[in-house]
Amino acid sequence: MKQSHLYTKTRKTLPSGEVAKNAQLLIKAGYIHKELAGVYAFLPLGIRVMNKIEDLIRSHMDKIGGQEILLSSLQDPELWKKNNRWDDDDVDIWFKDRDERIGFAWSHEEPMISMIEHHVSSYKDLPVYVYQFQNKFRNEPRAKSGLLRGREFIMKDLYSFTKNQDELDEFYRKITDAYKEIFNVAGIGDQTYYTFASGGAFTEFSHEFQTLSDAGEDTIYIDRDKKIAINEEVYSKEIVKELGLDEKKLEKVKSIETGNIFKFGTGYSEKLNLKYKDADGKDQFVYLGSYGIGLSRLMATVVEVLSDDGGIVWPESISPFQVHLIELTEGLGEDLYQKLLDNNIEVLYDDRQIGAGEKFNDADLIGIPWRLVVSEKTDGKVEIKNRSEKSAQLITKDEAIKKFI
RNA sequence: CGGGCUGUAGUGUCAACGGCCAGCACGCUUGCUUUGGGAGCAAGUAGACUGGGUUCGAAUCCCAGCAGCCCGACCA
């Protein structure tokens with residue numbers, strides 16, 4: 001894409017009233033636009049990052065047997081009433097229409113279970129793993145921290161429907177590994193801890209993926225060597241012992257909950273009467289699990305954790321473009337730009353007629369991991385620099401293209 | 001939901017004593033110059049959250065609403 005066609009511009013001033021680093025940088029660089037408190041629009045650069053994150057998650061969900069679907073954002077109150085989760089006294093974050101005949105989805109367990117009932121009745125139909133990328137609407141009493149706690153946001157939620165505990169446990173292990181891999185590829189694996197957290201009504205623990213950051217709202221106790229953590233909400237001497245940890249080695253830190261996985265067992269199916277017939281023709285309750293990653297929160301977390309004084313530093317996996325090609329002399333980058341495009345390399349081509357300093361600053365702010373510069377000084381070659389490195393190397397254009405194929 | 005703070009061009013502004021034409025910077029437009037780390041000159045462009053009230057006169061004082069931010073509570 002030619003940067004001269006990109007309608008968003010970087011800004012020199014920070015938005016007043018945005019304190020969160022992720023919101024400051026993403027707005028300054030032109031990734032997002034604030035609509036309301038906790039409600040952000042994604043601009044061309046921003047949606048490219050979101051799409052990258054989506055692709056990354058999708059490939060891992062598909063690999064472990066996930067089937068992608070898309071439930072609706074408008075929901076039937078009757079489904080939620082059955083489970084006592086419609087009343088504002090029970091769930092206080094609902095957005096509802098005036099007459100309370102429609103709910104705006106804040107979660108999808110109930111509709112998901114209702115939908116699956118129509119398709120699963122035999123042990124032969126199980127297991128089933130379905131997931132979606134969906135908007136969630138949560139009327140948070142206090143939206144804050146930029147994209148970290150929004151009132152409208154996109155989440156990947158996967159639901160597992162399995163025959164028994166063993167099958168559930170096996171899938172749980174698989175998705176745990178998948179989540180670890182996702183956070184590794186997204187560049188925050190080192191800072192992300194597998195965390196024991198509150199299990200709610202149906203199970204002892206759930207597990208969270210907590211990324212160390214002062215911008216987070218959670219407090220966890222981490223063991224850096226074993227790479228596991230305990231959420232403050234369930235922390236006790238007994239649990240430390242149960243997990244075989246040494247209380248003295250634990251560090252108390254702030255973190256962002258980037259993922260959450262949850263075993264429901266048969267709790268939900270008993271309440272909502274989700275059954276299947278086993279091989280003997282007897283009714284059995286389906287074992288459920290749910291597994292979430294907030295996409296916009298993940299994007300914000302990467303910005304919080306990896307940015308530097310110059311701006312954002314994207315990992316290659318979720319950068320809006322692979323390469324930022326900058327020409328300092330009019331027309332000199334055109335030829336390389338075309339060649340990169342011919343090789344299906346995602347390139348943002350800064351063909352604007354502005355000063356070099358402005359281009360470099362914009363490039364640092366936008367944060368694409370590789371920068372190519374052509375000018376009269378590069379003498380037919382091209383200068384390549386990584387976003388997180390200080391110095392650049394001069395290479396040939398062919399070498400540059402090969403690097404990104 | 002409790003408490004606090006704040007609403008001035010597209011952005012920013014601890015700019016302006018209740019009083020003349022609401023200042024400055026960025027952005028944007030036009031022209032000339034400049035061209036390897038947010039360029040220079042010149043001429044333009046655009047503004048008081050909403051509604052009441054006090055006053056001869058309100059951006060400025062008062063009230064209400066709305067909005068934003070922060071702290072807390074909440075966050076299966």
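Naming: A, B, ... by sequence-line order, numbering from 1 per chain.
G4(B) and A46(B) have their C1' atoms separated by 34 Å, with the value rounded to a whole Å. U60(B) and C70(B) are spaced 25 Å apart, taking the C1' atom of each and rounding to whole Å. Nucleotides U50(B) and A58(B), compared at atom C1', are 16 Å apart to the nearest Å. Between C74(B) and A15(B), the distance separating the two C1' atoms is 41 Å to the nearest Å. For the C1' atom pair drawn from U45(B) and C24(B), the interatomic distance equals 16 Å after rounding to whole Å. For the C1' atoms, the distance from A48(B) to A67(B) is 16 Å, rounded to whole Å. For the C1' atoms, the distance from G47(B) to U13(B) is 13 Å, rounded to whole Å. Separation of the C1' atoms belonging to G2(B) and U11(B) is 33 Å when rounded to the nearest angstrom.
Taking the ring centroids of Phe42(A) and Tyr40(A), they lie at or beyond the 6.0 Å cut-off. For Phe171(A) and Tyr291(A), the gap between ring centers is short of 6.0 Å. Ring centroids of Tyr179(A) and His207(A) are separated by 6.0 Å or more, keeping the two rings apart.
Listed by chain and number, the residues in a side-chain contact (heavy atoms from CB on, under 4.5 Å) with Asp190(A) amount to none (sequence neighbours excluded). Considering only residues two or more places apart in sequence or on other chains, Ser114(A) meets the side-chain contact (heavy atoms from CB on, under 4.5 Å) condition with Leu79(A).
At a threshold of 4.0 Å, the pair Asp335(A)-Lys339(A) counts as salt-bridged, since one of the basic side-chain nitrogens sits closer than that to a carboxylate oxygen. Using a 4.0 Å cut-off between charged side-chain N and carboxylate O, Glu181(A) and Lys63(A) make no salt bridge. In this structure, Arg58(A) pairs ionically with Asp55(A), as a charged nitrogen and a carboxylate oxygen lie closer than 4.0 Å. A salt bridge is absent between Lys82(A) and Glu110(A); no separation between the charged side-chain nitrogens and carboxylate oxygens falls under 4.0 Å.
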Dot-bracket encoding of pairs in RNA chain B, which uses [ ] for pseudoknotted crossings and | for another strand, Watson-Crick or G-U under 3.5 angstrom = (((((((..((((.....[...))))(((((((.....)))))))...(((((..]....))))))))))))....

query = Reading nucleotides 64-70 of chain B from the 5' end, what letters show protein touch, with B for base, S for backbone sugar-phosphate only, - for no heavy atom under 4.0 Å?
reply = ----SSB

ask   = For every nucleotide of nucleotides 44-49 of chain B, 5' to 3': is a protein heavy atom under 4.0 Å from its base (B), only from its sugar-phosphate (S), or from neither (-)?
value = ------

request  = Could you encode protein contacts along nucleotides 22-42 of chain B as a string, one character per nucleotide from 5' to 3', using B for base contact, S for sugar-phosphate-only contact and - for no contact, with a heavy-atom cut-off of under 4.0 Å?
outcome  = ----SSS-------BBB----

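None of Ile256(A), Thr195(A), Leu298(A), Thr192(A) except one satisfies the side-chain contact (heavy atoms from CB on, under 4.5 Å) rule with Phe209(A); the exception is Thr192(A).
In this structure, Ile93(A) reaches neither bases nor backbone, as no heavy-atom distance under 4.0 Å exists between it and the strands shown. Across all strands, Arg85(A) comes closer than 4.0 Å to base atoms (heavy-atom distances). Among the atoms of the strands shown, base atoms are found under 4.0 Å from some heavy atom of Glu109(A).
The side-chain tip of Lys163(A) does not point at the ring of Tyr287(A) from less than 6.0 angstrom away and within 45° of straight on. A cation-pi arrangement, defined by a distance under 6.0 Å to the six-membered ring centre and an angle within 45 degrees of its axis, is absent between Arg138(A) and Phe153(A). Under a cutoff of 6.0 Å and an axis angle of 45°, Lys2(A) and Tyr337(A) do not form a cation-pi pair.
The nearest whole Å value for the distance from the CG atom in Asp88(A) to the P atom in C1(B) is 11 Å. Put simply, CG on Asp218(A) is 15 Å from C1' on A73(B), counting in whole angstrom units. Atom-to-atom, CG of Asp157(A) to C1' of A76(B) comes out at 14 Å; the value is rounded to the nearest Å.
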request  = Could you walk me through whether Tyr131(A) and Tyr129(A) pass the ring pair (Phe, Tyr, Trp, His ring centres under 6.0 Å) test, one step at a time?
outcome  = CA-CA 7 Å; Tyr131(A) 72 96; Tyr129(A) 312 112; over 10 Å; no

